[in-house]
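Heads up: the structure comes next, in structure tokens.
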Amino acid sequence: MKRRISRFCMYFFLTLGAVIMLFPFFWMFSSAFKTTQEINKFPPQWLPGHLSLDNFRRAFAMAPFAKYFFNSVFVMVCSVGLTTFTTILAAFAFSRLRFPGRKLIFSLLLSLMMIPFEMLIITNYSTIVDLGLWDTLIALILPFTSSIFYTYILKGFFDSVSDSLYWSARIDGSSNWRYLWKVMVPMARPSLTTIILLNALASWNSFMWPMYVISSDKNRTLPWGLQVFTTEAGSYPELLMAASTVVVLPVIILFLFARKYIVRGVARGGLKG
Amino acid sequence: MRVVLDHVTKRFADVTAVSEFSATLEDGELVSLLGPSGCGKSTLLNMLSGILPVSGGRIYFDDQDVTGMPPEKRGIGLVFQNYALYPHMTVMGNICFPLETQRVPKAERIERANEIARLVHVDMLMNRKPSELSGGQQQRVAIARALVKNPRLLLLDEPLSNLDARLRLEMREEIRRIQQRTGVTTIFVTHDQEEALSISDRIVLMKAGVLQQNDLPQSLYNEPANQFVADFLGNPPINNLPGTVEDGAFVAADGKARCALPMLAGVENGRNVNLSVRSESFVLDENGPMACEVTRVYQMGKEEMAYLTFGGTDFRAYIDSEEGLRKGDAVRLSLKRRGVFLFDRETGERIR
């Protein structure tokens with residue numbers, strides 16, 4: 001009996017939490033299909049009268065969302081690709097190669113994680129301006145081509161791999177390079193999947209940095225473009241909802257597919273071996 | 001291939017792990033590197049494979065000096081204690097891996113992998129992952145991977161220590177069979193004397209980084225070079241009776257019990273020695289020189305294990321007796337020629 005009550009309470013609060021979390025998303029989706037009259041009705045109308053993609057068409061006509069979408073994808077692919085590459089190399093170097101100052105350099109890098117992103121924005125901004133990259137897509141990629149945090153996670157995994165695997169490969173004639181790509185990287189696939197997904201989400205949702213370094217419409221990414229669109233389409237909440245849906249949907253789909261890996265990777269990251 | 005170790009030394013910071021080690025291993029031999037854990041045998045193996053650089057001395061494979069050569073150039077196969085199989089590859093992928101680095105064409109790779117897999121009996125498991133194999137099967141795959149590139153030298157680092165007792169026995173025979181079929185010179189590191197005695201052509205016994213004896217298995221047991229070798233080999237362990245030598249007789253630690261032994265003839269008076277006797281080298285003999293008292297008797301099926309005391313020192317002996325000994329009996333023993341040694345108590349040197 002006691003167990004039943006505790007189970008009931010557990011499910012009750014979980015359901016309540018889920019409803020509270022999901023409601024804004026539900027409202028966004030449903031409003032994206034409503035007409036202007038329907039959205040302004042009081043008491044509110046829960047579901048649209050009929051499904052029409054009209055709002056999407058109008059929103060896309062008012063702002064180049066396709067361009068924003070392409071920019072977001074381009075920046076995400078480049079930055080995630082480069083970050084993953086540098087992370088793999090750095091993690092391997094710090095985990096396996098022996099060079100003077102290895103531990104010191106790694107500690108220094110780790111201590112950099114203490115510096116908040118907001119502080120880096122100032123120096124990064126002046127660097128980007130000095131390089132003449134202001135208002136280019138490269139400005140969105142260049143500061144995000146390495147990550148100390150992901151390096152730290154991956155190094156943790158590399159450290160847990162037995163030395164004997166390395167020496168086996170070396171004796172079998174593998175170079176460090178071949179060992180890294182043929183043995184370590186395939187073995188680290190779960191950790192790498194997590195890193196790539198987290199990184200992709202961060203890149204996709206990145207808002208503050210694009211706001212500082214991008215001004216022209218053609219170089220905006222989705223979140224920043226949406227922000228600008230808000231001021232332009234402020235009087236058409238249904239269009240805003242349609243645009244928001246376009247921004248959020250890919251992330252939700254990605255998350256649904258990769259949920260397993262994200263949870264597994266984060267859970268594993270804390271454990272050794 | 002002949003392997004020559006010439007005064008090989010390895011120093012870590014302030015510890016000397018291997019000291020002035022010299023030995024020659026003949027072509028096609030299976031040699032065990034035996035010793036208690038921490039004696040430097042794995043360090044020695046790692047220097048042979050090139051994983052660890054030497055601090056001094058030279059290593060030769062046949063007439064080639066390989067001392068400074070990187071591991072991949074030495075033409076060796078190595079099997080680690082934990083097998084070190086690549087977990088994301090199938091058995092086939094694992095066995096083919098060394099051939100891929102050598103740029104062997106794919107068709108030949110597969111053919112050679114299948115051939116070696118048949119030899120070690122894993123040919124039905126080629127598409128499995130290492131996690132789907134038993135310990136013994138993983139062991140076989142590791143050996144196949146080490147052998148597929150036709151190494152000049154096969155190194156096995158405690159390959160049986162992760163297996164259960166029954167499998168260990170089986171794999172021991174297997175390693176011997178595979179080694180004899182391929183004829184590859186093999187070095188087998190172990191701390192298990194029984195393993196070493198049963199499969200090796202020769203045993204190299206080490207202690208604290210120093211070579212103790214390099215000999216045939218039976219010679220190691222029958223003719224130990226020093227106290228350590230005598231103590232290390234044999235189950236039950238050898239009996240050590242401390243005492244001194246006086247006019248060709250052994251005087252026990254209590255100063256009273258004594259026995260005249262022909263082997264003491266040339267030994268100087270007053271020397272502190274250990275009279276070391278294997279448990280099977282005692283004979284019940286009315287006219288024997290040793291007067292002992294029985295303290296306990298264990299029935300062990302076909303024979304009896306007696307605990308006796310001589311001059312205040314307890315020892316164990318297998319006694320073949322018709323009437324059966326009992327606690328408190330006074331008996332006389334004589335010693336066989338085999339399995340009786342005299343060691344200097346200070347230096348551990350054998351006195352011959």
Side-chain angles (χ1 to χ4, degrees), chain A residues 84 87-88 91-93 95-104 153-196 260-261 264-265 267-269 271-273, chain B residues 42 45-53 66 69-90 93-104 109 129-131 138 141-159 162:
Chain A
T84 310
T87 297
I88 289 172
F92 183 72
S95 164
R96 169 58 58 191
L97 305 181
R98 299 282 172 266
F99 51 90
R102 184 173 71 108
K103 286 198 170 139
L104 180 72
I153 291 190
L154 196 61
K155 177 185 179 289
F157 176 80
F158 283 177
D159 284 347
S160 74
V161 173
S162 155
D163 266 10
S164 55
L165 223 55
Y166 173 72
W167 288 112
S168 267
R170 283 295 303 278
I171 284 166
D172 289 346
S174 279
S175 56
N176 277 331
W177 182 256
R178 202 180 116 88
Y179 169 71
L180 173 60
W181 296 104
K182 285 276 179 176
V183 180
M184 284 302 243
V185 169
M187 276 176 68
R189 206 179 291 151
S191 292
L192 279 172
T193 312
T194 311
I195 287 172
I196 289 171
K260 199 171 72 175
Y261 297 102
R264 197 198 284 159
R268 184 194 299 244
L271 299 168
K272 219 179 147 91
Chain B
S42 287
L45 197 77
N46 288 340
M47 288 192 285
L48 279 166
S49 64
I51 292 175
L52 282 176
V66 298
M69 201 182 260
E72 60 271 22
K73 298 245 169 71
R74 295 196 182 189
I76 50 168
L78 177 55
V79 175
F80 282 95
Q81 188 173 355
N82 62 1
Y83 318 138
L85 297 175
Y86 309 120
H88 59 290
M89 295 181 194
T90 60
N94 266 285
I95 300 179
C96 283
F97 190 82
L99 300 178
E100 271 170 52
T101 45
Q102 290 180 353
R103 307 258 152 82
V104 175
R109 278 206 306 258
K129 292 272 177 73
S131 57
Q138 290 183 23
V141 175
I143 294 174
R145 188 180 63 183
L147 284 177
V148 73
K149 54 188 169 178
N150 295 324
R152 301 192 284 175
L153 175 65
L154 178 64
L155 305 173
L156 304 161
D157 191 359
E158 307 231 2
N162 283 355

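What you see is a predicted model, and the numbers here were worked out from it, not measured in a lab. Letters go in sequence order (proteins before strands), and every chain restarts at 1.
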For A/Ser162, is it the side chain, the backbone, both, or neither that has a heavy atom closer than 4.5 Å to a heavy atom of chain B? side chain
Quick check on A/Arg178 against chain B: is it the side chain, the backbone, both or neither that has a heavy atom closer than 4.5 Å? side chain
Non-hydrogen contacts under 4.5 angstrom with chain A: give the residues of residues 79-89 of chain B involved, or none if there are none. B/Phe80, B/Asn82, B/Ala84, B/Leu85, B/Tyr86, B/Pro87, B/His88, B/Met89
Return yes if some donor-acceptor pair links the side-chain N/O of B/Arg145 with the main-chain N/O of B/Pro98 below 3.5 Å, else return no. no
Do B/Ile51 and B/Leu78 touch side chain to side chain, with heavy atoms closer than 4.5 Å? yes
Determine whether A/Met184 and A/Phe158 make a side-chain contact, defined as any pair of heavy atoms from C-beta on separated by less than 4.5 Å. yes
With sequence neighbours excluded, tell me which residues meet salt bridge (Lys or Arg N to Asp or Glu O under 4.0 Å) with B/Arg109. none
Going by the rule side chain to side chain donor-acceptor pair (under 3.5 Å), which residues pair with A/Asp163 if we only count those two or more places apart in sequence or in a different chain? A/Arg96
NZ/A/Lys182: more than 12 non-hydrogen atoms of other groups inside 6.0 Å: no
For A/Leu97, enumerate each residue passing the side-chain contact (heavy atoms from CB on, under 4.5 Å) test, keeping only those at least two apart in sequence or located in another chain. A/Phe92, A/Ala93, A/Phe99, A/Asn176
